[in-house]
Amino acid sequence: KLVMQLATPAVVSMLISSLYNMADTYFVGQIGSASATGAVGVILPVMSLMQAMGFMFGHGSGNHMSRALGAGQVEDAKQMAATGFFSAFFTGLIIMAVGLLIPAQLCNLLGATDTILPYAVEYLRYLMPGAPFLVAQLVINNQLRFQGSAFYGMIGVMAGALLNVALDPVFIFVLGMGVSGAALATSISQFVGFTVLLCMTYQKGNIPIRLRNFTPCLANYQEIFRGGVPSLARQALTSVSTIVLNNAA
C-alpha cells in the first residue's frame, strides 16, 4: 500500500512531464512546415539537459533530506532543501543566459540544418526564459517525493503540463505566433508549474523553501553530488545521444 501510495503519483508525474515536448511537436506539426517541426526535435537535447540538472539537484538534495528527517535533523533538512533549490535555479539562469546569448551557435551544435536553424533559434529564444523555473520545479518535485508527499508534486507537474497543452493551440494558431508560440506556451506553463509546486512546499508536513536556509558549503554540495550525479549522468546521456543522432541525420 505504501509503495503504491508513493509510486503512483511519481509515475503519473513522469508521464505528464513528457506532454511538454509531445504537445509542442504535435501542434507545431499542424503548421505544415517540416523545418518548424524539426526545430522542436533539435532543441529536445536542451530540455533533456535542463531535466538532468533538475534531477541531479533534486535527487541529491532529496536523498539527504530523507535521511536527515529520519534522524530527526529537521534544520539540516531545511538547509539542504534550500541549497538544492537555489543552486538549481541559479544553474537554470546560466543555461538561459547561454541560450539567449549564442542561440545560433548552440542550435548548430545541436544539429540544426540551414533550413531548420531560423525556426530553432526562434523556438530557443522563447523557451530559455522558462529554464530556471523548469530546473527548479524538478528539484521541488523530487524533494516532495523524498518527504513522502508525492501527491503534492504530481499536482504541480500536472498543472504546468496540462496548461501547456491548452496554451499551445492558442499561441500557435489563434495568435499566429507559430513555433515561437509553442515555446512561449511552454515557458509560461513551466512558470505556473513552478509556482504551484513552490506553494506545495508550504503545505502542512512539508519543508518550505526559504532563502535564509540557503547554505552553499562544500559539505552540502558533496552530499548533493553523491546522490545526484548518477541521475545527471543517466539523463545527460539522453541529451548527448540525441545531439549525435541529430547531427548524423
Side-chain angles (χ1 to χ4, degrees), residues 7 10-26 28-29 37-63 84 87-89 91-96 98-99 102-103 105-113 116-117 119-121 123-124 127-128 130-143 145-146 153-154 156-158 160-161 164-165 179 182-183 186-187 189-190 193-194 197 224-249:
V11 172
V12 172
S13 296
M14 292 296 291
L15 291 173
I16 292 294
S17 294
S18 65
L19 279 179
Y20 279 105
N21 191 259
M22 289 175 61
D24 285 1
T25 303
Y26 174 77
V28 170
T37 307
V40 179
V42 164
I43 302 302
L44 178 60
V46 177
M47 294 288 288
S48 296
L49 175 61
M50 291 189 285
Q51 291 174 345
M53 299 307 297
F55 288 143
M56 181 189 75
F57 286 108
H59 290 165
S61 62
N63 188 299
S87 298
F89 192 85
T91 301
L93 289 175
I94 294 173
I95 295 174
M96 179 185 73
V98 172
I102 53 170
Q105 295 89 327
L106 182 58
C107 289
N108 279 324
L109 177 66
L110 297 174
T113 62
I116 289 177
L117 183 61
Y119 294 98
V121 169
Y123 186 81
L124 187 66
L127 185 69
M128 283 297 93
F133 303 107
L134 172 60
V135 179
Q137 74 166 276
L138 290 171
V139 173
I140 301 174
N141 181 35
N142 281 288
Q143 288 181 352
R145 277 200 286 160
F146 275 99
M154 181 187 71
V157 173
M158 287 183 63
N164 184 52
V165 174
V179 67
T186 298
S187 291
S189 301
Q190 287 166 355
F194 163 84
L197 280 166
I224 290 175
F225 293 148
R226 186 176 70 169
V229 166
S231 297
L232 172 65
R234 182 177 63 250
Q235 189 68 20
L237 282 175
T238 301
S239 179
V240 172
S241 64
T242 306
I243 293 173
V244 173
L245 179 61
N246 285 343
N247 282 278

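Every heavy atom of this structure was used, including side-chain atoms; hydrogens, water molecules and symmetry mates were not.
- Summarising the geometry of Gly54 relative to Leu138, their closest heavy-atom pair is CA-CB, 3.9 Å, with the distance given to 0.1 Å.
- In this structure the side chain of Phe89 never reaches within 4.5 angstrom of the side chain of Val135, judged on heavy atoms.
- Listed by chain and number, the residues in a side chain to side chain donor-acceptor pair (under 3.5 Å) with Ser241 amount to none (sequence neighbours excluded).
- Every residue meeting the side chain to side chain donor-acceptor pair (under 3.5 Å) condition with Thr186, not counting sequence neighbours, appears here in chain and number order: Asp24, Asn164.
- One distance of note links CD1 of Ile102 with SG of Cys107; it measures 10.0 Å at 0.5 Å rounding.
- Taking the side-chain contact (heavy atoms from CB on, under 4.5 Å) definition, one finds that Ile140 meets it with Phe85, Leu144, Phe194, Leu197, Leu198, Thr201, sequence neighbours left out.
- For Tyr119, the side-chain contact (heavy atoms from CB on, under 4.5 Å) partners at least two apart in sequence or on another chain are Ser33, Ser35, Ala36, Ala39, Val179.
- For Ser189 against Gly160, the heavy-atom pair with the smallest separation is CB-O, 3.1 Å.
- Considering only residues two or more places apart in sequence or on other chains, Arg234 meets the salt bridge (charged side-chain N to carboxylate O under 4.0 Å, His left out) condition with none of them.
- Between Ser87 and Phe57 the shortest heavy-atom distance is CB-CE2, 3.5 Å.
- Under the side-chain contact (heavy atoms from CB on, under 4.5 Å) test applied with Val42, the options Leu124, Thr242, Asn247, Ile116 reduce to a single match, Ile116.
- Nearest approach of Asn141 to Met154, heavy atoms of both residues: OD1-N, 4.2 Å.
- Under the 4.5 Å side-chain criterion, counting only non-hydrogen atoms from C-beta, Phe55 is not in contact with Leu232.
- Residues Gln190 and Ala131 approach most closely at OE1-N, 4.4 Å, considering heavy atoms.
- With values rounded to the nearest 0.5 angstrom, Met128 atom CE is found 7.5 Å from Leu106 atom CG.
- For Ser187 (side chain) and Leu127 (main-chain N/O), a donor-acceptor pair under 3.5 Å exists by modelled atom type.
- For Thr37, the side-chain contact (heavy atoms from CB on, under 4.5 Å) partners at least two apart in sequence or on another chain are Thr25, Val28.
- The side chain to side chain donor-acceptor pair (under 3.5 Å) check on Gln137 picks up nothing, with sequence neighbours excluded.
- Listed by chain and residue number, nothing satisfies the side chain to side chain donor-acceptor pair (under 3.5 Å) test with Asn246 (two or more places apart in sequence, or in another chain).
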Please tabulate, one pair per line, all N/O donor-acceptor pairs under 3.5 Å involving side-chain atoms of residues 43-52, not counting sequence neighbours.
residue	atom	partner	partner atom	Å
Ser48	OG	Leu44	O	3.3
Gln51	OE1	Gln235	NE2	3.2

Item to complete: Check the pair His59 / Gln143 against side-chain contact (heavy atoms from CB on, under 4.5 Å), numbers first and verdict last.
Response: CA-CA 7 Å; His59 290 165; Gln143 288 181 352; over 6 Å; no
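- With sequence neighbours left out, Phe225 forms a side-chain contact (heavy atoms from CB on, under 4.5 Å) with Met56, Tyr221, Val229.
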